[in-house]
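Keep in mind that what you see is a predicted model, and the values were worked out from it rather than measured. The chains referred to below are lettered A, B, ... by the order of the sequence lines, with proteins before strands, and numbering in each begins at 1.
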Protein chains: 2
Amino acid sequence: MANESSYKDKKVITIGIVKELTGLSERQIRYYEERKLIFPDRTPGGSRRYSFADVEQLVEIANKIEDGVQTYEIRQEMIREKKRTDEEAHKKMIQGQLNARFGVRKY
Amino acid sequence: MANESSYKDKKVITIGIVKELTGLSERQIRYYEERKLIFPDRTPGGSRRYSFADVEQLVEIANKIEDGVQTYEIRQEMIREKKRTDEEAHKKMIQGQLNARFGVRKY
DNA sequence: CGTGTAAGGAATTCTGACACG
DNA sequence: CGTGTAAGGAATTCTGACACG
């Protein structure tokens with residue numbers, strides 16, 4: 001649920017292409033980064049590189065803003081969502097360890 | 001077998017990233033294009049854009065060249081391979097039309 | 001044949017700031 | 001708050017050519 005697509009998460013897209021793909025302006029794309037909603041990689045030279053997942057994220061962000069949601073709120077949502085998935089992953093890992101030591105109980 | 005990955009075939013990667021991803025020089029990447037082994041898109045400004053599929057193709061090409069295969073031969077192989085898959089697709093399409101008109105015979 | 005390189009120019013991207021509201 | 005824009009510079013990419021072999 002995080003690493004099944006080797007392409008989707010690779011940071012290889014320049015801001016110019018992201019602009020084409022999303023229809024957003026460079027200004028918007030950079031601003032959402034400033035507000036910590038998106039996290040592109042950087043080349044050694046300092047240019048931003050986005051993944052397809054980032055592109056999709058940007059579209060979602062833009063939609064919410066169009067609906068009047070502020071960047072701060074969007075960020076809070078993202079943090080809550082991350083916490084939820086992290087806890088879920090943690091729970092699964094613990095369960096995996098239990099299964100490894102005491103055997104898997106299928107049902 | 002050609003459009004199941006929406007990411008793999010999108011031409012969004014600059015030559016600089018392709019260089020990193022493949023370990024090839026820009027010179028090599030451009031040369032393989034000159035020899036019609038690879039077909040990047042272009043931005044309005046003229047910059048090349050590659051897909052992940054292109055990146056994989058480039059690695060294969062580079063391996064063959066290392067093995068002493070000439071670009072001309074690699075190109076011939078590619079043409080033969082394309083012909084084969086095209087014929088296969090054509091055959092499937094004809095069969096599909098027959099099935100549509102006369103019903104599908106499962107076995 | 002396949003690849004390196006120096007050359008000059010054009011396209012791309014970057015940051016910080018001013019503006020509006 | 002979110003976005004546009006002009007400014008100046010730096011990084012990226014482009015082409016055509018000379019070189020080697």
Given C:dT13, is OP1 or OP2 found less than 4.0 Å from the side-chain N or O atoms of A:T14? yes

Calculate, to the nearest 0.5 Å, the distance between atoms CG and OH belonging to A:L21 and A:Y50 respectively. 12.5 Å

Atom-to-atom span, CD1 of B:I29 to C1' of C:dG2 - whole angstrom: 14 Å

Ignoring backbone atoms, test whether B:Y31 places a side-chain nitrogen or oxygen under 4.0 Å from the OP1 or OP2 oxygen of C:dT3. no

Within a strict 4.5 Å, meaning less than it, do heavy atoms of the B:R48 and B:R42 side chains meet? yes

Taking atom C1' of D:dT13 as reference, at what distance in whole Å does atom CD1 of A:I17 sit? 13 Å

B:I65 and B:I74, any side-chain heavy atoms less than 4.5 Å apart: yes

Closest nucleotide among D:dC18, D:dT5, D:dC14 to the B:R27 side chain: D:dC18

Take atom NZ of B:K19 and atom P of C:dT3, then tell me their distance rounded to the nearest Å. 15 Å

Could you work out which one of D:dC14, D:dT12, C:dT13 sits closest to the side chain of B:I15? D:dC14

Using a cut-off of strictly less than 4.0 Å, decide whether A:Y32 has a side-chain nitrogen or oxygen near OP1 or OP2 of D:dT3. yes

Considering Watson-Crick and G-U wobble pairs with both distances under 3.5 Å, what does C:dG8 pair with? D:dC14

Between CD1 of A:I61 and C1' of D:dT3 the distance, given in whole Å, is 15 Å

Rounded interatomic separation in angstrom, taking OH from B:Y72 and C1' from C:dG2: 18 Å

With nearest nucleotides of DNA chain C determined for B:Q28 and B:T43 from heavy-atom distances, which residue corresponds to the more 5′ nucleotide? B:Q28

Kindly point out which of D:dT12, C:dG2, D:dT3 is positioned nearest to the side chain of A:S47? D:dT12

Would one find more than 12 heavy atoms of other residues, nucleotides or ligands at under 6.0 Å from atom CZ of B:F39? yes

Select base, sugar-phosphate, or nothing to describe what B:R48 touches, counting heavy atoms under 4.0 Å on all strands. sugar-phosphate

In whole angstroms, how far is the C1' atom of D:dG2 from the CG atom of A:L24? 12 Å

For B:V69 and for A:E26, locate the closest nucleotide of DNA chain C by heavy-atom distance; then report the residue assigned to the nucleotide nearer the 5' terminus. B:V69

For atom CZ of A:R75 and atom C1' of D:dG2, their distance in whole Å: 17 Å

Is C:dC20 paired to anything, Watson-Crick or G-U wobble with both distances less than 3.5 Å, and if yes, which nucleotide? D:dG2

Using a heavy-atom cut-off of 4.0 Å across all strands, would you classify B:R35 as base, sugar-phosphate, or nothing? sugar-phosphate

Distance test, side-chain N/O of A:R30 to OP1/OP2 of C:dC14, below 4.0 Å: yes

Can you measure B:E33 atom CD to D:dT15 atom C1' for me and round it to whole angstrom units? 12 Å

Side chain of B:I65 - closest among D:dG2, C:dG4, C:dG2: C:dG2

Does the distance from a Lys or Arg side-chain N to an Asp or Glu carboxylate O, for A:E56 and A:K8, drop under 4.0 Å? yes

Does some side-chain heavy atom of A:K10 sit less than 4.5 Å from a side-chain heavy atom of A:Y7? no

